[in-house]
K.L.:
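The structure that follows is given in the form of structure tokens.
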Amino acid sequence: MNIAPMKHAVATAAVCFALAACSSSPVAQIQPIDGVISGQCHTNMVRGAVGLAASDMTVERARVDSDSLHVQVTRGSREYSGNTASGTADPAAGAAQEGGDRLTIETGRTNNITAIYCG
């Protein structure tokens, strides 16, 4: 009795199943906690995103958490200079912290978020 072909078939089936499960898993839609986006941008809930990679999911999560209707990602001239999650540095100093319906996210040379502000 030759068990090797059976092991190979089982291993192949397991790999195919795992790959199919990964490729078909839907991306969860990002929803606001209270179910409503007011359209009035506030950055106080998204300051912790500064320094993170500006992936599509991070950008969308920041838009929703800031209550903004729109988001704009731009290549900024600012460089990440400190631990902004704790409030010790503010790379968006002087920029609007609230108001309007758009959140602006500036990115650095490595696609990291360097500043977040309204407008």
K.L.:
Using modelled atom types and a 3.5 Å cut-off, is there a donor and acceptor pairing between side-chain atoms of Arg102 and backbone atoms of Gly119?
P.N.:
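Judged by distance alone, yes, a pair lies under 3.5 Å.
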
K.L.:
Kindly say whether Ser68 contributes a backbone atom to a donor-acceptor pair with the side chain of His70 at under 3.5 angstrom?
P.N.:
no

K.L.:
With sequence neighbours left out, write down each residue that passes side chain to side chain contact (heavy atoms under 4.5 Å, CB included) with Asp56, or none if nothing qualifies.
P.N.:
none

K.L.:
Any side-chain to backbone donor/acceptor pair from Ser66 onto Ala62? Under 3.5 Å, distance only.
P.N.:
yes

K.L.:
Measuring from Asp67:CG to Leu103:CG, what's the distance to the nearest 0.5 Å?
P.N.:
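Going from CG on Asp67 over to CG on Leu103, the span is 10.5 Å.
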
K.L.:
Which residues satisfy the side chain to side chain contact (heavy atoms under 4.5 Å, CB included) test with Thr110, sequence neighbours excluded?
P.N.:
Asn112

K.L.:
Just by distance, do the side chain of Thr114 and the backbone of Glu106 share a donor-acceptor pair under 3.5 Å?
P.N.:
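Yes: the side chain of Thr114 pairs with the backbone of Glu106.
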
K.L.:
Is the shortest heavy-atom distance from the side chain of Ile105 to the side chain of Val71 under 4.5 Å?
P.N.:
yes

K.L.:
What distance separates Arg47 CZ from Asp65 CG, expressed to the nearest 0.5 Å?
P.N.:
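Rounded to the nearest 0.5 Å, the CZ-CG separation comes to 13.5 Å.
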
K.L.:
Walk me through it: do Cys41 and Asp101 pass the test side chain to side chain contact (heavy atoms under 4.5 Å, CB included)?
P.N.:
CA-CA 5 Å; Cys41 177; Asp101 66 353; over 6 Å; no

K.L.:
Check whether Ser55 reaches the backbone of Thr58 with its side chain - one donor and one acceptor, N or O, closer than 3.5 Å.
P.N.:
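A pair under 3.5 Å: yes.
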
K.L.:
If you compare all heavy atoms of Arg75 against all heavy atoms of Gly108, which two are closest, and at what distance to 0.1 Å?
P.N.:
NE-O, 3.5 Å

K.L.:
Count I, L, V, M, F, W, Y as connected when their side-chain heavy atoms are under 4.5 Å apart, and connections chain through other members. Are Val73 and Ile113 then in the same cluster?
P.N.:
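Same cluster: Val73 reaches Ile113 through Ile, Leu, Val, Met, Phe, Trp or Tyr contacts under 4.5 Å.
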
K.L.:
Between atom CE of Met45 and atom CZ of Arg61, what is the distance when rounded to the nearest 0.5 Å?
P.N.:
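Those atoms lie 9.5 Å apart.
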
K.L.:
Which distance, rounded to the nearest 0.5 Å, do you find between the CG of Asn44 and the CD1 of Ile116?
P.N.:
11.5 Å

